[in-house]
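One structure is given below, encoded as structure tokens.
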Amino acid sequence: KQEVTQIPAALSVPEGENLVLNCSFTDSAIYNLQWFRQDPGKGLTSLLLIQSSQREQTSGRLNASLDKSSGRSTLYIAASQPGDSATYLCAVSRGDSNYQLIWGAGTKLIIKP
Amino acid sequence: NAGVTQTPKFRILKIGQSMTLQCTQDMNHNYMYWYRQDPGMGLKLIYYSVGAGITDKGEVPNGYNVSRSTTEDFPLRLELAAPSQTSVYFCASRPDSRYGYTFGSGTRLTVV
């Protein structure tokens, strides 16, 4: 059974720092992996989608990497800003069914001005 | 372009009542999903649809029903509400499995 874990559950860093959020999964047979951002009381915003054949994706100050063999993905945020404060969730699509996402519980990120 | 629209945003139900959570998307996406998110937990899939007239169960379908009569609409029906259904419900869509998801802003449901 696929399980997705995000550690730490919460992270607080000063503005301007570069930081890394971690996501691990137990079954390497994934179709793709996605990172989302969730703001309080709001929906989820898709940040980056990495197909199983890819190693990384970049969007602005965000870079996500994927290492299927080790069951890990990282989300790198460069030059963090207070507006980056949110909960970041990762989710994997199962290899045998690309319809269903298996979600981590998220990392709550606070960027201190 | 409104994206994915969910109504209502908040609702309080009494045990045993029924209601329908509405979800509409204007992006002509084939795939639509209903998730629930409990505090401190990841999202869990309730039902999904890969096109009009096609629906299938996810991880936690018990107590819910869906229909997909049009591409745009994917309502979620709760019958005989129970306190265990207190949660935040998210609807999402995407064109097909190659693409990322677009989420609605959610419906916060409390059953008392």
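Bear in mind that the values here come from a model prediction, so they are computed numbers and not experimental data. Within every chain, numbering begins at 1; the chains are lettered A, B, ... in the order of the sequence lines, protein sequences first and strands thereafter.
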Open item on the list: Please tell me whether Tyr89(B) and Val111(B) are part of a single hydrophobic cluster in this structure, the criterion being side-chain heavy atoms less than 4.5 Å apart.
Closed with: yes
Task: Heavy-atom pair count under 4.5 Å with chain A, highest-scoring of Ser105(B), Gly104(B), Cys91(B), Gly100(B) - done: Ser105(B)
Task: Under 4.5 Å from any heavy atom of chain A - which part of Gln37(B) - done: side chain
Task: Shared hydrophobic cluster, Ile30(A) / Trp35(A) (ILVMFWY, side-chain heavy atoms < 4.5 Å) - done: yes
Open item on the list: Nearest 0.5 angstrom please: Leu101(A) CG to Tyr101(B) OH, how far?
Closed with: 3.5 Å
Task: CD1 (Ile12(B)) with more than 12 external heavy atoms under 6.0 Å - done: no
Open item on the list: Side-chain heavy atoms nearer than 4.5 Å, only ILVMFWY residues, links allowed to pass through others: does that put Leu21(B) and Val88(B) together?
Closed with: no
Task: Proximity breakdown for Gln51(A) and chain B, heavy-atom pairs closer than 4.5 Å - done: side chain
